[in-house]
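Okay, structure first, notes after.
Along the sequence shown, residues carry numbers from 1.
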Amino acid sequence: MNLVIDFGNTNIKCGVFDTNMLIESKSFQTIDELKVFIKNGSFQKLAVCSVSHSYESLKQEVPDLKNALFLTHHNPTPLSMSYETPETLGMDRLAAAVGASTIFPDVPLMVIDIGTCITYDFINGESEYLGGMISPGVELRYKSMNDYTQNLPLINDLDTNQFIGRTTRESLASGVINGIVGEIESHISQLLLKNADLKVIMTGGGSKIFESKIKSDIFVALEIVLVGLNRVLEYNVE
């Protein structure tokens, strides 16, 4: 069995794979919970990506990871890389791109990951990672309006059905949620102009909010980072 672990900004997500088949997925709040899960399992190969902890600190804090593959831009992957600063690329973005190309090979792909930030990543039909965009997520947008104004309240509404807000709270929620919907639709439209066969994959905790609001055809894959991380792990032992 393979164990792959994604240390995100909020949660620690794990996937147990039998070769390329996802058998089980877990989410933990703390490293201690993860350590118990690893101790109770039997895993032949492990892989890790992280945007929240340094790899050195993880090796010290979780000794069972000492022989894991820690995803970096130096690892061979099934994708070629055209990103000009691969050393600054979030490894969750790379893993998601690999995961998307694993599910939909040989077609242009856009991966939208809606989390603390919203990332958009583009892979062309020749399995080449070209780059993408990053913008603030829902909670960051709410927080920034509260932080940089005197009178706007901090709200945590993660969804709204309102378009015209009739209160300040409704206006903030509508501006953020519908603004993100417009942003997503615009980016998809731009890529479709030159990529008629584009596949759009949405992932991340916020995908539950926006899945039903996007009119374009999208495919929701919440475990796409884990799938990609496992594919890199298998690719490096083939």
Side-chain angles (χ1 to χ4, degrees), residues 1-75 77 87-100 102 111-119 121 134 136-140 142-143 147 154 156 158-159 202-209 220-237:
M1 293 290 181
N2 298 346
L3 175 65
V4 299
I5 309 168
D6 171 26
F7 289 85
N9 288 307
T10 305
N11 297 313
I12 304 168
K13 301 170 187 173
C14 301
V16 178
F17 288 80
D18 183 356
T19 311
N20 293 316
M21 182 176 295
L22 180 62
I23 303 299
E24 180 182 15
S25 61
K26 291 279 189 180
S27 182
F28 302 112
Q29 297 290 322
T30 68
I31 288 180
D32 285 340
E33 292 174 309
L34 171 65
K35 290 165 73 172
V36 172
F37 181 72
I38 296 175
K39 286 289 185 187
N40 291 334
S42 178
F43 308 109
Q44 284 71 51
K45 293 176 289 187
L46 297 92
V48 175
C49 71
S50 175
V51 297
S52 56
H53 298 74
S54 73
Y55 287 160
E56 286 306 313
S57 68
L58 288 174
K59 290 176 185 178
Q60 293 178 10
E61 196 164 355
V62 190
D64 286 324
L65 297 180
K66 65 181 179 179
N67 295 320
L69 181 149
F70 287 83
L71 182 61
T72 74
H73 66 284
H74 295 297
N75 294 121
T77 78
E87 70 279 1
T88 69
L89 178 64
M91 289 299 99
D92 56 339
R93 292 177 65 190
L94 176 58
V98 173
T102 299
V111 182
I112 306 171
D113 191 340
I114 305 177
T116 304
C117 288
I118 303 172
T119 58
D121 293 286
I134 304 174
V138 174
E139 293 174 331
L140 276 179
Y142 286 145
K143 190 173 189 303
D147 284 348
L154 177 62
N156 58 4
L158 296 181
D159 199 359
M202 185 178 288
T203 190
S207 59
K208 297 175 183 177
I209 302 170
V220 175
L222 296 180
E223 314 298 347
I224 197 78
V225 172
L226 301 179
V227 170
L229 191 52
N230 183 70
R231 178 69 185 100
V232 174
L233 179 59
E234 288 290 314
Y235 188 80
N236 277 265
V237 297

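Among all heavy-atom pairs drawn from Ser50 and Leu58, the shortest one is CB-CD1, 4.1 Å. When all heavy atoms are compared, the tightest approach of Met1 to Ser42 is CB-O, 3.9 Å. Residues Phe7 and Ile31 share a closest heavy-atom pair of CE2-CG1, 4.2 Å. The shortest heavy-atom contact between Cys49 and Val225 is SG-CG1, 4.1 Å. Nearest heavy-atom pair, Ala95 versus Leu71, reported as atom, atom and distance to 0.1 Å: CB-CD2, 4.1 Å. In this structure, Ser207 and Ile114 approach most closely via the heavy-atom pair N-CB, 4.1 Å.
Between the Asn75 side chain and the Thr72 main chain, a donor and an acceptor come within less than 3.5 Å of each other. Side-chain atoms of Thr203 come within 3.5 Å of backbone N or O of Ala221 as a donor-acceptor pair. Between the side chain of Asn230 and the main chain of Leu226, no donor-acceptor pair closer than 3.5 Å is present. A donor-acceptor contact shorter than 3.5 Å links the side chain of Ser52 to the backbone of Gly8.
Screening residues 33-44 for salt bridge (Lys or Arg N to Asp or Glu O under 4.0 Å), with sequence neighbours left out, gives Lys39-Asp64.
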Practice problem: Might you work through the side-chain contact (heavy atoms from CB on, under 4.5 Å) test for Phe17 and Leu229, ending with a clear yes or no? | Solution: CA-CA 11 Å; Phe17 288 80; Leu229 191 52; over 6 Å; no
Practice problem: Take Asn11 and Gln29, measure what side-chain hydrogen bond (donor to acceptor under 3.5 Å, both in side chains) needs, and give me the verdict at the end. | Solution: CA-CA 5 Å; Asn11 297 313; Gln29 297 290 322; 2.8 Å; yes
Exercise. Assess whether side-chain contact (heavy atoms from CB on, under 4.5 Å) is satisfied between Ile38 and Ile5, documenting all intermediate values.
Key: CA-CA 11 Å; Ile38 296 175; Ile5 309 168; 4.1 Å; yes
Quiz item: Should Asn9 and Val51 be marked as a side-chain contact (heavy atoms from CB on, under 4.5 Å) after you check the CA-CA gap, both sets of side-chain angles, and the distance that decides it?
Solution: CA-CA 7 Å; Asn9 288 307; Val51 297; 3.9 Å; yes
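In terms of the side-chain contact (heavy atoms from CB on, under 4.5 Å) criterion, residue partners of Glu139 (sequence neighbours excluded) are, by chain and number, Leu158. Residues that satisfy the salt bridge (Lys or Arg N to Asp or Glu O under 4.0 Å) test with Asp121, not counting sequence neighbours, are Arg93.
More than 12 heavy-atom neighbours from other residues, nucleotides or ligands sit within 6.0 angstrom of NZ on Lys45. Atom NZ of Lys59 has more than 12 heavy atoms from other residues, nucleotides or ligands within 6.0 Å.
Note that the OG1 atom of Thr19 and the CG atom of Asn2 stand 7.0 Å from one another [nearest 0.5 Å]. Between Leu34 atom CG and Lys26 atom NZ the span is 12.0 Å, to the nearest 0.5 Å. Atoms CG and CD1, on Asp32 and Ile12 in that order, are 9.0 Å from each other to the nearest 0.5 Å. In this structure, Leu46 CG and Lys66 NZ are separated by 12.0 Å, a value rounded to the nearest 0.5 Å. For the atom pair CG of Leu233 and CG of Asn20, the computed distance is 10.0 Å after rounding to the nearest 0.5 Å. Atom CE of Met91 and atom NE2 of His73 lie 7.5 Å apart (nearest 0.5 Å).
Inter-residue side-chain proximity for Tyr235 and Val98 is flagged as unmet; no heavy-atom pair is nearer than 4.5 Å.
A salt bridge is absent between Arg231 and Glu234; no separation between the charged side-chain nitrogens and carboxylate oxygens falls under 4.0 Å.
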